[in-house]
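Here the structure comes first, spelled out in structure tokens, and everything after it is commentary.
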Amino acid sequence: MYPAELVKPMRDDLANAGFEELYTAEAVENAIKQEGTTLVVVNSVCGCAAANARPAAKMSLQNAKKPDHTVTVFAGVDTEAVDTARNMMVPFPPSSPSMALFKNGELVHMIERHHIEGRPAELIAENLTEAYNEFC
């Protein structure tokens, strides 16, 4: 588990952009199962989260169509919340960072770590906005 003071700026990056931080299994289930679309970002301390994932998630919200809800869980810290989110992302294997779009509780789009590493934030944001245009 990472120290709170280490992850605080990384948490704040998404929280300050309007993402709701989820800490429990119940909160994750409620967020994903609610009506409408929900973007779930599995945040991480890794460099690709800082350089690619978080910027892309924030950038994607500039699109005309966007999710009704944006939430985040933090890998290596919020174990219960992350495990629940990952279980709802099956059949995709666990990865951090990652992003999933749900519609009325159903997984409709997934971006895994291997889609994030080495790709510019703009390309990842474009991938997300295409999903928003289809599902939101």
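The figures that follow rest on heavy atoms only: side chains count, while hydrogens, waters and symmetry mates do not. Every value quoted in this text rests on a predicted model; they were computed, and no experiment measured them.
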Step by step, would you call Met89 with Val42 a side chain to side chain contact (heavy atoms under 4.5 Å, CB included)? CA-CA 11 Å; Met89 295 172 188; Val42 178; 3.8 Å; yes

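- Taking 4.5 Å as the limit, some side-chain heavy atom of Pro67 sits within range of a side-chain heavy atom of Leu61.
- Contact annotation: the side chain of Glu112 approaches that of Pro93 to within less than 4.5 Å [non-hydrogen atoms, C-beta and beyond].
- With values rounded to the nearest 0.5 angstrom, Thr129 atom OG1 is found 10.5 Å from Met59 atom CE.
- Taking each heavy atom of Thr24 and Ala27 in turn, the nearest pair found is OG1-N, 3.0 Å.
- In terms of heavy atoms, Ala49 sits closest to Asn43 at CB-OD1, 4.2 Å.
- Smallest separation of non-hydrogen atoms from Ala56 and Ala121: CB-O, 3.4 Å.
- With hydrogens and angles disregarded, no donor-acceptor distance shorter than 3.5 Å links the side chain of Ser60 to the backbone of Ala125.
- For the residue pair Ala100 and Leu107, the shortest heavy atom distance occurs at CB-CD1, 3.6 Å.
- Take Pro120 and apply the side-chain contact (heavy atoms from CB on, under 4.5 Å) test, not counting sequence neighbours, and it matches Glu122, Leu123.
- Heavy atoms only, all atoms of each residue included: Leu6 and Met10 are closest at O-CE, 3.4 Å.
- Using a 4.5 Å cut-off between side-chain heavy atoms of Ile, Leu, Val, Met, Phe, Trp and Tyr, with links allowed through other members, Ile116 and Met110 fall into different hydrophobic clusters.
- With hydrophobic clusters built from ILVMFWY side chains whose heavy atoms lie under 4.5 angstrom apart, Val40 does not share a cluster with Ile124.
- With Gln34 contributing its side chain and Ala31 its backbone, the two residues share a donor-acceptor pair below 3.5 Å.
- Phe92 CZ: more than 12 foreign heavy atoms inside a 6.0 Å radius.
- In summary, Asp78 and Arg11 engage in a salt bridge, as defined by a charged side-chain N under 4.0 Å from a carboxylate O.
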Steps toward side chain to side chain contact (heavy atoms under 4.5 Å, CB included) verdict (Leu14, Lys58): CA-CA 7 Å; Leu14 291 178; Lys58 294 183 297 185; 4.1 Å; yes

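- Linking ILVMFWY side-chain heavy atoms closer than 4.5 Å, directly or via other members, places Ile111 and Val41 in a single hydrophobic cluster.
- In the model, Arg54 has no side-chain atom that pairs as donor or acceptor with a side-chain atom of Thr72 under 3.5 Å.
- Distance alone, capped at 3.5 Å, is enough to place a donor-acceptor pair between the Arg113 side chain and the Ser96 backbone.
- To the nearest 0.5 angstrom, Thr38 atom OG1 is 8.0 Å from Leu101 atom CG.
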Step-by-step side chain to side chain contact (heavy atoms under 4.5 Å, CB included) determination, Lys33 to Met88: CA-CA 10 Å; Lys33 291 180 179 177; Met88 297 178 88; 3.9 Å; yes

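- Scanning all heavy atoms of the two residues, the minimum distance from Thr84 to Ala25 falls at OG1-CB, 3.0 Å.
- If you run side-chain contact (heavy atoms from CB on, under 4.5 Å) between Cys136 and each of Val108, Thr37, Asn63, only Thr37 comes through.
- No path of Ile, Leu, Val, Met, Phe, Trp and Tyr side chains, each step under 4.5 Å between heavy atoms, connects Leu39 with Phe74, placing them in separate hydrophobic clusters.
- Between Tyr132 and Glu130, the side chains place no donor N or O within less than 3.5 Å of an acceptor N or O (distance only, hydrogens not considered).
- The main-chain N or O of Glu117 is never found under 3.5 Å from a side-chain atom of Asn52 such that the two would form a donor-acceptor pair.
- To the nearest 0.5 angstrom, His69 atom NE2 is 11.5 Å from Asn30 atom CG.
- Side-chain atoms of Val82 and Glu80, non-hydrogen and from C-beta on, never get closer than 4.5 Å to each other.
- Connection of Val71 to Val73 is established within a shared hydrophobic cluster, with ILVMFWY side chains joined at heavy-atom distances below 4.5 Å, either directly or through further cluster members.
- Between the side chain of Ser44 and the backbone N or O of Ala75 there is no donor-acceptor pair closer than 3.5 Å.
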Would Val77 and Tyr23 satisfy side chain to side chain contact (heavy atoms under 4.5 Å, CB included), going step by step from the backbone distance to the final call? CA-CA 9 Å; Val77 179; Tyr23 303 101; over 6 Å; no

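- Between His115 and Asn127 the shortest side-chain heavy-atom distance does not fall below 4.5 Å.
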